[in-house]
Amino acid sequence: MKRFFYFLMLFFSFAFFSCMTLQKDLAIDVDETEYQGSMLELELRIAHLDVLAITGNTESGFAVEKNAILKTIDESLASPVIDKSVEARFLALRGRTFLIYGDRVSAKKMLREAEKKSMNDTQVLILKRRVGELSIVSEVSENPSLKSGLLFLESAVEHYEKNDYAESAGMFDVAFTLLDPAYKAEYGIIRDKAWLLKDSDSSDVDTLSFMEKTSVTVSDMLCITQKAKGNVLVSVTGGKKLKAKPLFRMMSEKKLLESVSGHDDGKISADTAVTKKLCARFLWNVYSLNHAELDRNMYSKKYASRANPKSPIRDLDISDADFDAVVGTVENEIMELSDGVNFSPDKNVSGKEFYDSLMSGEL
Amino acid sequence: MDELENKEKYDLEEELPNSVQHAKRKVPLFFRILLSVFFVPVFIIAAWFAFSFFNRTNDLNLYPKSFDVFVHAESVYDSLNPLLDLKSCDILFAEKQFSQFRKAFMDIKSSDLRNNGAVKFVLRRKVNFALYGSEDNPSQFDYMATLDLSYLSALSRLYRIVFPFLGVKEMSLVEESSSVRSYLKFSDGVNDIFIKPHKNVVLVTNSKTLLEKAFSSVNENEYSREDESTLTDSSRGDIHICVNSRNFIKKNTEKDEFLRNLHTLIPAEKYTSLDFSINDSEINLKADVPVDVAGSSFEAKKVLEKYSEVPVIVQKLPSKTQYYTVLDFGPFWELRDNAFPLLEKDKKMLDSWKKADSLCKTFFSLSLDDLVFSWTKNECAVFGIEGSSDPVFALQISDEKKRAEVFDILESSILINNNTSLILNGTRLPCLELPSFLTGLLSCFGVNLPSAYYFINDSFIYFSISPQNLSVLNSEIKDKKFLVNNESWKSASKKGHSKSSVNMYYDLERSVPFFINSKTIAGKILNLYNIGNMTLNVDKGCLKISLHAVVIENKNTKIIPGFPISLEGKTDYALSISSDRKTVFWIENSVKVCSLELDSLEKHELEISDGCSMCVSDEKGEYCLWVLSKSGTAYLLNGKLECRKNFPVITNMQPSCDCAVSRGTAYFATNDGKIISVGKNGEFKDLCTIDDVKIKSRPSVCGDTVYFYSRGFEGLVYAFKNGEFMNLENPMIIDGIGFGSPCCVSHDSKTYTAFMTQSGLFFLYADNEIVENFPLQLDDTFHTNAVFKDGAFFVLSDSAVVYKIMTDGAFFGVKIPDSSTAVSGFISVKNDSTYGGIYVCADKNILYGFDSSLELLGSFPVAGFGEPQFADVNGDRKIDCLTLSIDRKLNAWSLK
């Protein structure tokens with residue numbers, strides 16, 4: 001109120017300029033200007049670089065694009081008639097480009113210049129967060145006048161950086177409904193990763209890094225089992241936490257890496273990549289450990305005893321050493337068929353797939 | 001003897017006139033007594049009502065004069081009833097400080113009593129209400145309210161007789177020797193409320209002191225006729241509010257020297273009146289603030305001695321104007337003189353002024369007065385043009401010749417560069433580049449104008465950094481396209497004062513007026529009305545303020561105020577709702593059962609350490625939520641998560657699946673094939689055992705039959721009824737492995753059981769027999785199972801296609817928009833006439849709704865994942881949609 005009355009009086013003293021203080025004008029949305037098309041194109045080029053930088057994929061063509069983008073921005077800024085909101089956005093994008101290439105000082109300088117033109121422009125706010133001056137974009141997005149698809153997207157990126165994958169995936173999905181589909185094409189890879197990890201514990205970095213693996217080794221598999229669900233191995237380890245090598249040795253000694261039929265199809269080392277079949281074997285053995293009454297060969301016996309023995313899984317024969325393990329883990333909802341009829345036994349298991357199987361309530 | 005008596009009687013009757021005899025024959029004694037019994041009480045009651053009508057007091061005279069705010073409404077019902085449905089009220093009661101009243105508000109809002117004729121009749125009475133500030137604590141208020149019952153006070157006057165029969169525990173009748181004599185006291189242990197029926201009035205207050213003051217003789221007839229008409233005038237809005245502004249400002253501005261002086265402007269004996277009306281499409285506020293310039297010590301009081309005029313510039317603004325502020329407080333030089341006492345208080349400002357003045361004299365041989373005030377008139381304005389972020393400034397010219405002279409001097413100065421003129425759309429736009437000392441001075445006022453293009457038209461000069469703005473202005477003026485012809489402006493401005501000293505038109509898309517702060521409740525409410533007009537009219541001795549705001553285009557999201565609610569843990573996205581649709585339930589981190597009462601937004605939690613599943617009962621009742629722990633303990637809970645008597649029940653049977661409820665009894669299976677039931681009285685039974693089964697999924701229920709799916713490559717579905725399996729020897733065979741539970745429904749006098757395998761083989765059984773044309777092979781894979789609606793089954797594939805499968809084997813599919821996979825998706829169905837539909841989520845945090853023809857439902861998609869629930873969350877008698885979402889929130893969306 002004080003401010004209002006001060007300014008109310010100040011009107012009287014100095015012409016019309018103080019009219020401004022009664023209303024705070026908001027910069028127009030750049031999307032309402034003739035720059036909409038070219039701006040989107042530029043923003044998507046920067047988004048592409050942003051995703052490469054976030055995913056650490058900075059090899060082909062990454063360095064070349066910087067100069068091309070800066071040149072485009074500088075040409076646009078040189079235009080004699082340019083709205084201040086457009087100018088602010090170009091400056092912010094310039095800052096974001098510098099930041100992607102690690103030039104924090106230039107990025108901050110661009111931010112200061114952009115803020116002079118328009119404080120609330122979406123890209124200015126994004127740049128401000130990226131240089132660490134705006135801690136929670138979600139707070140900004142609570143302001144109804146600031147809600148936009150780009151801010152939701154930035155919120156999603158911020159959550160992603162904090163390993164809050166569930167929030168990140170949720171925000172990405174909302175953002176994609178509001179933005180040009182090209183954003184989904186660029187940021188989809190990050191969103192999919194966030195979706196993949198949405199049920200994980202964001203504070204457990206080791207588990208997160210395991211889940212991100214496209215292929216895991218036997219040693220990885222044993223270590224994560226001991227870490228995430230150690231109780232299922234208690235009868236073997238006695239509750240003792242073992243390092244990778246002794247753990248592998250102990251599991252081998254206790255035959256947890258051998259098929260229940262007793263037929264082995266090759267030597268398994270700690271570095272062996274885990275296939276779906278090997279995974280099923282290990283999990284079936286662990287399942288059996290905790291279900292003493294279980295006949296581990298029940299499925300091969302059941303199917304073999306039929307007049308016309310036929311495997312229910314197209315790509316796995318009844319005679320397979322791991323037939324019981326595969327059928328057992330699938331029927332008990334520990335593992336899944338690939339398409340309802342095939343198991344893909346030789347396919348490598350990803351960290352996420354193994355983790356989901358391990359954490360299934362049935363194990 | 002008898003004969004003699006009869007004769008005498010006959011003689012007497014003969015002597016009576018004919019008419020009397022006739023009357024006597026018509027009304028026998030019995031009826032005369034009956035009529036007396038009937039009419040006498042009616043007469044007494046009518047007399048009592050008549051007495052109550054005429055024996056009245058003016059309730060205004062009960063109010064001590066020291067109030068801060070006084071509210072008057074001619075009809076409680078007509079003033080308050082429409083307010084209940086406002087979005088603004090939803091916002092208000094979703095705020096933390098008002099959440100305690102939310103339940104009561106929601107109860108009233110959704111109550112049928114609102115349309116009850118008797119309630120309407122009783123509440124169509126005059127009501128007054130006053131707030132009295134505490135001297136010690138300005139933020140604390142006592143209140144007093146009076147309701148004028150008129151002849152209905154015939155009932156309230158009997159309160160002393162009636163009270164003993166009311167049986168209200170918290171209320172007591174207090175008899176005292178004070179002026180109040182007797183009153184009712186309501187006490188809940190924390191707060192006391194005093195109720196005093198007095199003649200035609202019922203008085204309610206929370207302050208004993210106020211009650212005593214109301215009935216002390218000192219107070220009587222204190223209000224003059226003028227005061228009375230000011231306080232109870234309701235001609236301008238639904239609710240009339242008077243504020244004792246002097247008291248109010250004095251109490252609330254003690255810490256601020258500048259504002260404290262303002263209270264001297266306000267005469268002690270006059271009230272500021274405030275009238276407002278509000279609905280979902282517009283809000284209208286009018287305030288009249290009396291001012292006493294003569295007796296005031298306020299520095300700039302001369303400004304208020306003026307009369308406002310109709311602003312000229314408003315008529316000249318182009319139609320593309322999105323917002324403007326126009327000021328007219330008389331000639332600028334006069335304003336400068338009036339405002340200088342204020343300037344003197346701000347040293348920085350004064351120094352800048354003096355410095356600019358001295359430099360002007362040095363460089364232009366003109367004083368700042370000559371430079372600015374010699375050619376200017378009264379009006380100045382700033383406005384925004386569509387599609388441009390730079391505002392335009394306008395200034396009224398009093399002497400064009402003088403202006404030209406000043407500008408010539410400025411333009412010929414080496415300090416001001418005017419070489420950058422631009423021709424845009426045929427209009428030459430000269431540009432002034434101001435020297436740094438002038439731009440520095442402007443920056444003191446928050447104005448950034450390093451180089452301004454200007455344009456002169458019809459006694460106004462317009463400045464803007466953007467020449468395009470001036471070009472638009474010029475072309476709009478040429479084409480006679482003016483703002484005053486715009487419908488938006490007309491609807492926002494129709495109720496404002498035509499004469500004004502401050503005239504502000506805003507569109508929240510482009511400008512935020514000083515009085516809208518989105519962090520305050522008032523700001524949040526005003527944010528609902530996106531276009532508005534505020535005027536301030538100085539009418540000698542009175543400041544008249546008007547604000548009228550309208551909703552032109554509501555871009556507001558569909559989220560209901562108070563939502564989303566952040567959850568502490570992960571959920572399984574299974575949201576359940578009680579049968580009365582007043583409470584929703586979910587489980588966090590597999591171990592915490594949570595409930596939310598939708599009317600109060602009160603959350604309850606119950607931790608079950610070994611993990612649990614839940615199921616809402618199919619029977620109505622307070623205790624509606626079944627929870628089954630992983631160790632086999634069954635709970636039957638109410639909305640507050642309190643256990644029913646005889647619960648929890650420890651079965652010691654480890655369940656292999658979630659429980660299902662049929663006819664109020666919970667059923668589940670164990671790992672060793674036992675079927676267990678738990679009744680609502682707490683009895684549990686081990687009903688039977690089947691060998692060699694793996695019942696992993698929640699049993700399906702169809703009426704009194706429970707269906708158990710034994711998972712495996714050779715899956716089996718068993719029907720269980722009245723404690724035994726109906727098809728133990730002949731179970732329904734599912735050839736292939738699948739997820740979820742079978743869909744079991746009664747339709748066309750048959751009981752259908754449907755199941756989709758992972759490989760896309762769809763089985764349909766009718767009364768335990770496979771239906772012709774089934775199993776049906778679909779070219780897709782599936783992780784969810786079937787649902788049933790309107791005679792067809794619906795399934796969601798891993799490739800995000802929703803299939804509709806008819807019972808004759810015909811089928812078709814519709815892709816969920818913008819989705820490629822639904823491996824972890826959901827499909828659910830609601831069979832209700834208002835919110836019925838098929839609700840699906842692909843692998844994204846978006847919920848889509850389809851009707852049974854697989855047409856998208858209009859209000860969808862909304863953010864959310866899993867099964868939605870539907871309830872009237874905001875009491876508007878319309879169904880809203882509740883969802884859990886990936887980002888750990890509980891959302892509520894209004895469906896339009």
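We name chains A, B, ... by the order of the sequence lines, and we start the count at 1 in each one.
- Annotation for A/Leu294: atom CG counts as buried by contact number, over 12 foreign heavy atoms lying within 6.0 Å.
- For the atom pair B/Thr821 OG1 and A/Trp195 CH2, the distance stands at 8.0 Å (nearest 0.5 Å).
- Side chain of B/Asp887 to backbone of A/Glu167: no donor-acceptor contact under 3.5 angstrom is found.
- Using a 4.5 Å cut-off between heavy atoms, B/Ser824 contacts chain A through its side chain alone, with no backbone atom that close.
- In this structure, chain A has a heavy atom under 4.5 Å from the side chain of B/Thr781, while its backbone stays farther away.
- The side-chain heavy atoms of A/Phe176 and B/Ile846, taken from C-beta on, include no pair separated by under 4.5 Å.
- A/Tyr299 touches chain B through its side chain: at least one heavy atom from C-beta onward sits under 4.5 Å away, while N, CA, C and O do not.
- Contacts between residues 330-343 of chain A and chain B, defined by a heavy-atom separation under 4.5 Å, are made by A/Val330, A/Glu331, A/Asn332, A/Glu333, A/Glu336, A/Leu337, A/Ser338, A/Asp339, A/Gly340, A/Val341.
- Within a 6.0 Å sphere centred on CE of A/Met359, heavy atoms belonging to other residues, nucleotides or ligands number more than 12.
- One N or O on the side chain of A/Lys184 and one on the backbone of B/Asp818 form a donor-acceptor pair closer than 3.5 Å.
- For A/Asn231, the CG atom counts as densely surrounded, since its 6.0 Å shell holds more than 12 non-hydrogen atoms of other residues, nucleotides or ligands.
- Annotation: side chain to side chain donor-acceptor pair (under 3.5 Å) contacts of A/Asp295 (sequence neighbours excluded): A/Lys301.
- In this structure, the portions of A/Asp199 lying under 4.5 Å from any heavy atom of chain B include both its backbone and its side chain.
- Within the 4.5 angstrom heavy-atom criterion, atoms from both the backbone and the side chain of B/Lys844 approach chain A.
- Annotation for B/Ile886 and A/Gly170: closest pair CG2-N, 4.0 Å, computed over non-hydrogen atoms.
- Ranked by non-hydrogen atom pairs under 4.5 Å with chain B, the options A/Asp192, A/Asp164, A/Ile313 are led by A/Ile313.
- The distance from atom CD of A/Glu293 to atom CG of B/Asn671, rounded to the nearest 0.5 Å, is 8.5 Å.
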Start with the C-alpha distance between A/Asp173 and B/Phe865, add both sets of side-chain angles, then the distance that settles side-chain contact (heavy atoms from CB on, under 4.5 Å), and finish with yes or no. CA-CA 11 Å; A/Asp173 287 339; B/Phe865 194 65; over 6 Å; no
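- Contact of A/Thr177 with chain B is made through the side chain alone, with heavy-atom distances under 4.5 Å.
- At a 4.5 Å heavy-atom cutoff, the contact between B/Asp843 and chain A is made by backbone and side-chain atoms alike.
- Of the charged side-chain nitrogens involved, at least one lies within less than 4.0 Å of a carboxylate oxygen, so that B/Glu714 and A/Arg306 count as a salt-bridged pair.
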